[in-house]
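Here the structure is a predicted model, which means the values were calculated and not measured.
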Amino acid sequence: LGVKEVVGKFTTYFPGTAYRYHNIGKATRLINGTFLKPGEVFSMNKVLGKRTTAAGWMSGGAIDGGRIVERLGGGISQATTTTFNAIYFAGLQDIYHKPHSLYFNRYPVGREATLDWVSVDMKFRNDSPYGVVMQASITGRTGRPGSVTVKVWSTRRYTIKASTPIRSNYRAPGKTIYDDSPKCLPQSAMSGFDVRHNRLFYKGKKLVKRELFRWSYNSLTPVVCGKKPAA
């Protein structure tokens, strides 16, 4: 089926927390070796399964309603983003992906993907006439920055480039929230903005297709754990 060369690959880097190494490592083991016939669809949620303690997932950082929280499977968006970029540069068909509501600079702006078992998947179709095999791996250890790499093996049809992302419509964060509850998680202020870019498909030196991607990142209101200081 023409699985003979790496047609797309991508690497991202992450902080060395224990839950990230555990969850990202587990995700790469599940992704690694996935085979898609021509026309078949890849679903990240189907490959990873429901994130539960019984299934071996750890709790870690996640985003919910504009706040940083803890969720089982925290950190797997790193593997999802890396996989999305690998299929992006392989020129495969993007069916559905959703970037984070907040922008984290360890990911390429506007070219990333989050995941939620209930409401957010990452799907792509092998729209080529060749087979596709996914190869995924992780490096590093707890306490030191790590990396995750995903490679797509098949037969090359296009050379893919990404245009320079254009940012606009910057939005300032809200006023600081003071939270003295026992479950408070502090968070820093972040600006929101819109971004757009194109995926460019080349055959030789000829541009044969372009695909527009757009996204709007929210701003993040800072949270301080403790009571608001007296005026």
Please tabulate, one pair per line, all N/O donor-acceptor pairs under 3.5 Å involving side-chain atoms of residues 132-144, not counting sequence neighbours.
from: Gln135; atom 1: OE1; to: Trp153; atom 2: NE1; distance (Å): 2.7
from: Thr139; atom 1: OG1; to: Ser147; atom 2: OG; distance (Å): 2.5

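Under the salt bridge (Lys or Arg N to Asp or Glu O under 4.0 Å) criterion, Glu211 pairs with Arg199, sequence neighbours left out. Looking at residues two or more places apart in sequence or on another chain, you find no ring pair (Phe, Tyr, Trp, His ring centres under 6.0 Å) involving Tyr13. His197 is linked by a ring pair (Phe, Tyr, Trp, His ring centres under 6.0 Å) to Tyr88, Phe213, counting only residues two or more places apart in sequence or in another chain. For Arg171, the salt bridge (Lys or Arg N to Asp or Glu O under 4.0 Å) test picks out Asp194, with sequence neighbours left out. Checked against ring pair (Phe, Tyr, Trp, His ring centres under 6.0 Å), Tyr103 has the following partners two or more places apart in sequence or in another chain: Phe193, Tyr217.
Among residue pairs with one or both ends in residues 108-137, those qualifying as salt bridge (Lys or Arg N to Asp or Glu O under 4.0 Å) are Asp127-Arg157; sequence neighbours excluded. Evaluation of the salt bridge (Lys or Arg N to Asp or Glu O under 4.0 Å) test over residues 34-45, restricted to residues two or more places apart or in two chains, returns none. Sorted pairs that involve residues 18-31 and meet salt bridge (Lys or Arg N to Asp or Glu O under 4.0 Å), not counting sequence neighbours, are lacking altogether.
In the hydrophobic clustering (ILVMFWY side chains linked at under 4.5 Å, chained through shared members), Tyr178 is joined by Val224. Membership of the apolar cluster around Met58 extends to Tyr19, as traced through chained side-chain contacts below 4.5 Å between ILVMFWY residues. Other residues sharing a hydrophobic cluster with Val41 under the 4.5 Å side-chain heavy-atom criterion for ILVMFWY residues are Ile95, Tyr96, Val120.
For the pair Phe10/Thr81, no side-chain contact is recorded, criterion being any heavy-atom separation below 4.5 Å from C-beta on.
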